[in-house]
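Since the structure comes first, as structure tokens, the remarks are kept for the end.
Ligands are counted one by one from 1 in listed order, and the atoms in each one are counted from 1 as well. Since the structure is predicted, the reported quantities are computational estimates derived from the model, not experimental observations.
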Amino acid sequence: MKKILLTVVALATAAGLAGAAVVYGGFYDISATDQHLAPTYQLLDIAMRRSIKLRAASVTVPSLDTIGALEHGAPLYRDHCAQCHGAPGVAPEPFALGLTPAAANLAHTGRAWPPEEIYWVVRHGLKMTGMPAWEQRLTESELWAVTAFVKRLPELSPPDYRRLVADLPPHDHTQDHRGEPAPQRPDAERGRRIIQQYACATCHRIPGVVGPDAPVGPPLDGIGTRAFIAGALRNEPAHMVRWLRSPQEVTPDSAMPDLGVDERDAHDIAAYLATLK
Ligand code: HEC
Ligand code: HEC
């Protein structure tokens, strides 16, 4: 018994050391030009599919027939998805061809996946792939319209798709807001969670938010106790919301860009920042 136990411990230690050597030695090839080994790809794919299945099980699917899959879904798809996934007769944009994993052709996904799983992925995105979460940028009905459109993709020919998007105006990113009003009671915990969705941590160190701690902007430790915001506005909730939504209106040429923060989100993020003492 003792011998078996010792062997197990020895093997586990050896595996741990080998893993550490691969990580610290830099031996894992992180480049997007190096394709995954087939077993790695399969393992990741199974993990992804199982994770989605588990989480999508609680999603309630509305009636997709009355959602306007083509009228409402096609414009959303052209503006937000075709760049990476392509569309019938349309290639992904050149930058997207360099993604590893490459974004799936959704004509296949539309046929093979149930709607709740497509919806879940569109809403939450996929870590460690280029698949963005759309929860912060599309409304609930838009999420379902684009899901319904993906379900219809398998039956669309290239001329069908061309007709659907032929008369659409060019996409205007500055209009990509959900337009949700200010909450009655801002939710600081929600604020902490969605900070992730506005890339704040790429420039600021923010307690409670995991990120590179890169000092592009000032660290936000203790921001709740500071007298001024960016040295320009008295530090109170309404001013913080204004700063988060349009910093360059407050300080022209500020290196902090307008990130298209939705009104509701700005109130919740401001509430979280106020807790940082
Ligand atoms: C910046 C590129 C990019 C954009 C934009 C994008 N995706 Fe993705 N998407 C990906 C990548 C990368 C994956 C992961 C690889 C994969 O599984 O296809 C993915 C995965 C998916 C999947 C899982 C598909 C499968 O079979 O594995 C669905 C569904 C999906 N995206 C739908 C959408 C929809 C709908 C939109 C538009 C609202 C969208 N994506 C926008 C890159 C993108
Ligand atoms: C591209 C980098 C960048 C991103 C992304 C960014 N910021 Fe900033 N931020 C800055 C810079 C630079 C300043 C200092 C600006 C100034 O004083 O004019 C700043 C200032 C601030 C301030 C005032 C800090 C102080 O010391 O008074 C707050 C609060 C803030 N940012 C919060 C956020 C939040 C929340 C997000 C995400 C919604 C965000 N920032 C995204 C660069 C960025």
Query raised in the report: So, is A104 polar-close to ligand 1, with some N/O to N/O distance under 3.5 Å?
Result: yes
Report summary line: closest protein heavy atom to atom 1 (C) of ligand 1 is C84 SG, 2.6 Å
**Report entry** Ligand-side contact atoms (ligand 1) for residue partner P132, heavy atom cut-off under 4.0 Å
**Finding:** 3 (C), 4 (C), 6 (C), 7 (N), 43 (C)
Report task. Using distance alone, determine whether S254 and ligand 2 share an N or O pair under 3.5 Å. Result -> yes
Query - salt_bridge(E140, R123) N-O dist < 4.0 Å - result: yes
Report task. Go through the steps to decide whether D160 and S157 satisfy the test side-chain hydrogen bond (donor to acceptor under 3.5 Å, both in side chains), and finish with yes or no. Result -> CA-CA 5 Å; D160 291 337; S157 68; 3.1 Å; yes
Report summary line: Min over A112, G110, A103, P92 of heavy-atom distance to atom 42 (C) of ligand 1 lands on A103
Query raised in the report: Quick check: does any side chain N or O of H85 sit under 3.5 Å from a backbone N or O of A104, one acting as donor and the other as acceptor?
Result: yes
Requested in this report: Output the list of atoms in ligand 1 that are nearer than 4.0 Å to some heavy atom of M48, sorted by atom number.
Outcome: 17 (O), 27 (O)
Query - Parallel, tilted or perpendicular: ring planes of W144 versus Y119, cut at 30 and 60 degrees - result: parallel
Requested in this report: Mind running salt bridge (charged side-chain N to carboxylate O under 4.0 Å, His left out) on R190 and D265 for me, showing each step along the way?
Outcome: CA-CA 8 Å; R190 180 174 179 276; D265 298 350; 3.0 Å; yes
Requested in this report: Could you tell me whether P218 approaches ligand 2 through its side chain, its backbone, both or neither, with non-hydrogen atoms closer than 4.0 Å?
Outcome: side chain
Report task. Work out the angle at atom 8 (Fe) of ligand 2 between NE2 of H204 and SD of M256, rounded to 10°. Result -> 180°
Report summary line: Note: ligand 2 atoms sitting under 4.0 Å from heavy atoms of A199 are 5 (C)
Query raised in the report: For ligand 1, which atoms have a heavy atom of A102 less than 4.0 angstrom away?
Result: 15 (C), 18 (O)
Requested in this report: Would you tell me which option among W113, F95, Y119 has the nearest heavy-atom contact to atom 25 (C) of ligand 1?
Outcome: W113
Report summary line: In ligand 1, the atoms that come under 4.0 Å of a heavy atom of C81 are 34 (C), 35 (C), 36 (C), 37 (C), 38 (C), 39 (C), 41 (C)
Report summary line: So CG of L138 and CG of D79: to nearest 0.5 Å the spacing works out to 10.0 Å
Query raised in the report: Side chains of R55 and S51: do they bring a donor and an acceptor to under 3.5 Å?
Result: yes
Report summary line: Note: ligand 1 atoms sitting under 4.0 Å from heavy atoms of P101 are 12 (C), 15 (C)
Query raised in the report: When you check the side-chain N and O atoms of H267 and D187, is any donor under 3.5 Å from an acceptor?
Result: no
**Report entry** Shortest heavy-atom approach to atom 17 (O) of ligand 2 - which of A230, P257, G222, A232
**Finding:** A230
**Report entry** Donor-acceptor pair between D65 and S63 side chains, under 3.5 angstrom
**Finding:** no
Requested in this report: To 10°, measure the NE2(H85)-atom 8 (Fe) of ligand 1-SD(M131) angle for me.
Outcome: 180°
Report task. Considering only non-hydrogen protein atoms, determine which one is nearest to atom 26 (O) of ligand 1 and report residue, atom name and distance to 0.1 Å. Result -> T109 OG1, 2.8 Å
Query raised in the report: Based purely on interatomic distance, does H80 place a nitrogen or oxygen under 3.5 Å from a nitrogen or oxygen of ligand 1?
Result: no
Query raised in the report: Which bit of W243 is near ligand 2, meaning a heavy atom under 4.0 Å away: side chain, backbone, both or neither?
Result: side chain
Query raised in the report: Of all the heavy atoms in I195, does at least one lie under 4.0 Å from an atom in ligand 2?
Result: no
